[in-house]
Every structure is written in structure tokens, then in C-alpha cells.
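Contents: one structure, followed by commentary.
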Number of protein chains: 2
Amino acid sequence: MTQQNNDEKDEFDLRNFLPFLLNQAAEESSLEFQRVYKNRYGMLRTEWRVLFHLGNYGELTAKEIGLRAKIHKTKVSRAVRKLEQRRYLKRTRDENDRRVERLTLTTSGQSVYRELRGIARDYDAKLAAHFTTGEAALLRMMLRRLAGME
Amino acid sequence: MTQQNNDEKDEFDLRNFLPFLLNQAAEESSLEFQRVYKNRYGMLRTEWRVLFHLGNYGELTAKEIGLRAKIHKTKVSRAVRKLEQRRYLKRTRDENDRRVERLTLTTSGQSVYRELRGIARDYDAKLAAHFTTGEAALLRMMLRRLAGME
DNA sequence: GGATAATAGTTGATTTTGTAACTAACAAGG
DNA sequence: CCTTGTTAGTTACAAAATCAACTATTATCC
């Protein structure tokens with residue numbers, strides 16, 4: 001109503017501020033998927049991400065996952081431990097550089113990944129259905145650019 | 001390289017999965033603004049949001065802020081207390097319904113809001129400069145739709 | 001070679017968040 | 001009125017995120 005402090009010719013509206021909008025959209029559009037990996041698979045956000053990175057790209061190190069997904073190394077470390085405990089992934093020391101651990105999904109990790117990937121695919125299609133095919137493609141491109149994933 | 005598990009005709013790529021993309025873009029595109037409100041004003045994410053809601057829309061209750069910004073009431077409660085302690089906002093009991101608190105920015109809260117709003121405006125322009133004017137407008141529209149802010 | 005710095009990953013202490021239970025005030029129906 | 005239910009907001013305790021310090025290993029360079 002009162003629209004206080006918008007004295008300066010209404011040049012700013014929170015509802016158009018990209019960091020805010022992006023966050024609201026991200027939050028809202030991950031709710032439904034979150035219920036699946038959380039309630040049905042007992043996973044945390046970082047955990048499904050690590051799982052998906054390994055499922056999607058194959059063998060990676062913790063560091064590589066952190067770089068690609070912009071996840072801090074302590075979070076990656078803890079997610080990897082959880083996934084290892086559930087026997088979804090296994091670590092192997094790199095013999096050329098013994099600081100490094102190469103991570104890969106176990107058979108059971110792969111099967112969980114495939115299940116979740118199917119759900120993700122459907123859910124993504126449902127979200128994209130808000131738009132025309134062209135709009136959705138443009139949206140993904142714009143998001144990749146904003147995310148610095150060019 | 002190996003692209004494991006993409007056996008199923010490459011119908012899925014994490015880099016195109018909207019919930020992931022949205023989150024990456026949201027994360028990346030709020031880093032710079034975060035440094036400002038965090039390091040320079042000692043605020044948390046929920047705190048600048050509450051501040052901006054009051055600055056942008058005027059007097060609101062905690063509940064209204066929670067609804068508009070999809071922030072859980074306990075988070076709003078704590079952010080309000082912090083902002084009150086810093087004398088950025090004041091609460092007044094609604095005399096018609098004494099459960100309700102009407103929140104408004106103090107003079108000093110308004111001045112912090114205006115400073116941050118200026119920074120936000122510039123930053124938003126910088127982000128939008130990745131795109132044409134039309135693309136940026138479309139992006140905002142699509143994000144509002146995904147966020148259920150129609 | 002040996003000191004120094006850098007890197008991969010982990011651990012511990014502190015903050016922040018999330019979940020549930022709580023208080024206080026109001027509403028509705030008997 | 002008075003029990004029962006609902007709502008606004010807070011608080012307590014558990015879960016998770018953050019930040020700094022740590023170990024172990026490799027790289028640099030004098």
C-alpha cells in the first residue's frame with residue numbers, strides 16, 4: 001500500500017532484483033525434487049549433487065566436484081563420507097599423487113543415480129512446460145551465463 | 001571424458017537441469033552483493049531481505065514478510081530481533097489484534113536501506129548487461145513464474 | 001638434498017538453520 | 001462465558017553450514 005521509500009522515482013523494485021528473483025525461483029523450483037531425495041532417499045542437497053556429478057560425468061576427485069558445483073571442500077568431504085557409508089561410492093587413492101582420491105559410484109550408487117535421474121528428467125520437463133521450447137532453451141542459456149558456466 | 005552412465009541416449013545433462021542451474025546462477029549472482037551486506041553491514045541473508053521488504057513495501061508484519069519472501073517464521077523472527085537490536089526497525093503492537101506486530105524501519109534503517117538499494121540497483125544493472133533489454137525482461141518474467149510470484 | 005610453500009582432503013569449534021514445542025491472543029460454537 | 005481450535009510470534013534443541021586449523025603429500029627453488 002504505502003510503498004514507503006520508493007520516493008526515488010520507483011527505479012527499484014525488490015520483485016525485479018535478479019539475485020532475489022533467482023533465489024526465489026531456485027528455492028521454489030527445487031522443493032518438489034528435494035522431497036524426493038530427502039524423504040525418499042535420506043539425502044542432503046550436497047549429497048545428491050555429488051551423486052549426480054559422479055553419475056553424469058564419471059570418475060572425479062572431490063576437488064573437481066567442488067569446482068564444478070561450487071561446493072566448498074568441507075561440504076564435499078562430508079557428503080562423500082556419507083555416500084561412501086551408504087556404499088553409493090568408492091574412493092581409490094591416485095597412485096601418482098597420493099593426496100588425491102578418485103571417486104566413482106558403486107553399482108548400487110549407479111542404480112540410485114538412475115532412479116533419481118529419471119525423476120529429475122520428468123521434473124525438469126514439468127518446469128520447462130511453463131514456457132515454449134525456445135524460451136526454455138534461452139532460459140537455460142541465460143542461467144548458464146549468470147552462473148559462469150559458459 | 002568418460003561420461004559414464006549417460007548410456008540412455010544422453011537425455012539428461014546435469015548442466016541443463018533447471019533446479020541445479022537456477023541454484024548455481026542464484027549462488028553466483030549473489031556473491032558480490034553478499035560481500036557488501038555481509039562484510040560491510042554485518043548482515044545475514046535473511047536480514048537484508050527483511051530490511052528490503054520493509055524499505056520497499058513499507059510497514060509489514062513478520063508474517064507478511066514470511067509469505068512474500070517465503071522465509072520461515074523462525075528465521076523472520078530472528079532477523080527481526082537482530083535488526084531491532086541494531087535499531088534498524090521498530091515494532092509496534094497492533095491494538096486491534098495484540099498478537100500482531102507492525103514492523104517499520106527507523107530513520108537509520110531507512111538510510112541503510114537506501115544505501116544498499118543503490119548498490120543493488122547498480123549490481124542488478126551489471127547482471128542484466130549480460131543480456132539484451134528484451135532478454136532481461138523475459139528472464140525476470142520467467143523467474144517470477146517459476147517462483148510462483150505471478 | 002632440504003627448507004619452504006602449495007595442494008587434497010579432514011576435523012573441530014562456532015554460527016546458523018530447521019523442527020517441534022511453546023506462549024499469548026483471538027475466534028467460533030455450544 | 002467457556003471449551004476447542006487457530007493464529008502470530010518465540011524459544012529450545014538437534015541438524016547442518018561455515019571458518020580456521022590441521023595432516024599428509026607433492027612441488028618449488030636455493
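Residue numbers start from 1 in every chain, and the chains themselves are labelled A, B, ... in the order their sequence lines are given, proteins ahead of strands. What you see below is based on every heavy atom in this structure, not just the backbone, and it leaves out hydrogens, waters and symmetry mates.
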Candidates E95(A), E64(A), E59(A) - the one meeting side-chain hydrogen bond (donor to acceptor under 3.5 Å, both in side chains) with R102(A): E59(A)
Side-chain H-bond candidate by donor/acceptor type, R144(B) with N16(A), under 3.5 Å: yes
Any donor-acceptor N or O pair under 3.5 Å, side chains R45(A), N23(B): yes
Whole-Å gap separating P (dT17(C)) and CZ (R78(B)): 8 Å
Sugar-phosphate only, base, or nothing, as touched by K38(B) at under 4.0 Å among non-hydrogen atoms: sugar-phosphate
Touch class at under 4.0 angstrom, heavy-atom based, for R45(A) against every strand present: nothing
Atom-to-atom span, CD of Q34(A) to C1' of dA15(D) - whole angstrom: 14 Å
Residue-phosphate contact under 4.0 Å: S77(B) side-chain N/O, dG9(D) OP1/OP2: no
Distance in angstrom units between L60(A) CG and dA8(C) C1', rounded: 15 Å
R49(A) CZ - dA16(D) P separation (whole Å): 16 Å
Most 5' of T46(B) and D94(B) on DNA chain C, judged by nearest nucleotide: T46(B)
Residue T74(A), side-chain atoms from C-beta onward, closest of dA8(C), dA20(D), dT19(C): dA20(D)
Among dT26(D), dG9(C), dA25(C), the nucleotide that comes nearest once only the side chain of R99(B) is considered: dA25(C)
Touch class at under 4.0 angstrom, heavy-atom based, for K63(B) against every strand present: sugar-phosphate
Nearest-nucleotide pick for D97(B), side chain only, options being dT10(D), dC13(D), dA25(C): dA25(C)
Integer-rounded Å distance: dA25(C) C1' and R93(B) CZ: 9 Å
Side-chain donor/acceptor contact of R98(A) with base of dT25(D) under 3.5 Å: no
d(CD, E27(A); P, dG18(C)) in whole Å: 8 Å
Sugar-phosphate, base or nothing in reach of T61(A), heavy atoms under 4.0 Å: sugar-phosphate
Touch class at under 4.0 angstrom, heavy-atom based, for R81(B) against every strand present: sugar-phosphate
Pair E115(A)-Y41(A), side-chain donor/acceptor within less than 3.5 Å: yes
Interatomic distance, H72(B) NE2 vs dA12(D) P [rounded to whole Å]: 17 Å
Closest non-hydrogen atom pair between L51(A) and Y113(A), with its separation: CD2-CA, 3.9 Å
K75(B) side-chain N/O to dG9(D) phosphate OP1/OP2 under 4.0 Å: no
Between dT16(C) (P) and L44(B) (CG): distance, integer Å: 5 Å
